[in-house]
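Here, residue 1 is the first one in the sequence, and each next residue gets the next number. The model shown is predicted, which means the values in this text are computed figures rather than measured ones.
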Amino acid sequence: MTRGSLRRGAVLLGWLMLSLLPGPGAWAASDWTLVREQGPVRLWARANPPGPFQALRLEMRVAARPAALLAVLRDTANHRQWLPGSREVRLLARPTPLEDLVYTRLAAPWPAQDRELITRSRLEWLPGCGLRLRVWADADALPPTPGLVRIRASQGLWQATPLGAGESLIRLETYTHPGGQLPGWLVNQVAATSAFESFVAIKRLMEDGKTTGLMAAQLCPSGQ
């Protein structure tokens, strides 16, 4: 595998990392290192032993209500607008309005195999139409696809908090083990860049009232 192919493989992992996050107590952890800050978007990283892949934390302030985040994430038909390394994202099941089972396939450069990931998510509405979305891998929900690498180790949390005046604070922490032979040093370098850029894309989509405003308003339950 060439260096260029390794780099493209690391990019797909960076996009994948945006789907999955570690547990909720991590918001207050003090062992994060600030890696990049641009306008309202900030990114931190920390080691995640014993594996070589870092965990990432991102945070931003957006001019949109919290439910707009859910509108973007559930719009699987337009997944490439913020997850450009994905070949396919589809909803497998929605057992309740608060739970999703989703299949994702991500492109990998030759000769690496594409990755596939099956996640379950559980939505919790918070006061003021804030939300918390827990996501974890359910690797055995479907039989493996021949020729693809099934991602097995991932878990996480999204959180959107209303700030008033139509603004929200979006927090994301992400870790996943991609499997295969991609080197940790390269994955960590490129994943941070691609995750940051994808987070910026999510901000743009959330603030685009033409595509998410109506859906976001419908997603927020009455009485919140």
Item checked: Distance in Å, E116 CD paired with L142 CG, rounded so as to fall on 0.5 Å steps -> 8.0 Å
Checklist line | From R42 atom CZ to E37 atom CD, the distance as rounded to the nearest 0.5 Å | finding: 5.5 Å
Heavy-atom distance under 4.5 Å between the side chains of [X] and [Y], does that happen here?
{"X": "W136", "Y": "R122", "result": "yes"}
{"X": "L70", "Y": "W125", "result": "yes"}
{"X": "L56", "Y": "F196", "result": "no"}
{"X": "E88", "Y": "T76", "result": "no"}
{"X": "M206", "Y": "I170", "result": "yes"}
{"X": "T119", "Y": "T104", "result": "no"}

Next item on the list: Give the other cluster members for L163, using side-chain heavy-atom distances under 4.5 Å between Ile, Leu, Val, Met, Phe, Trp and Tyr residues; answer none if it is isolated.
Entry: L169
Give a yes or no on whether the backbone of [Y] and the side-chain of [X] come within a donor-acceptor separation of less than 3.5 Å.
{"X": "R115", "Y": "I151", "result": "no"}
{"X": "R74", "Y": "V72", "result": "no"}
{"X": "R80", "Y": "R87", "result": "yes"}
{"X": "S168", "Y": "A64", "result": "yes"}
{"X": "Q81", "Y": "L205", "result": "no"}

Next item on the list: May I ask you to decide whether E59 forms a salt bridge with R171, counting only side-chain N to carboxylate O separations under 4.0 Å?
Entry: yes
Note to self: Minimum heavy-atom separation for A192 and L43, please, with both atom names.
What the structure shows: O-CD1, 3.5 Å
Check: Between L131 and L69, what is the shortest heavy-atom contact and its length?
Finding: CD1-CD2, 4.4 Å
Checklist line | ILVMFWY network linking V35 to V200, side-chain heavy atoms under 4.5 angstrom | finding: yes
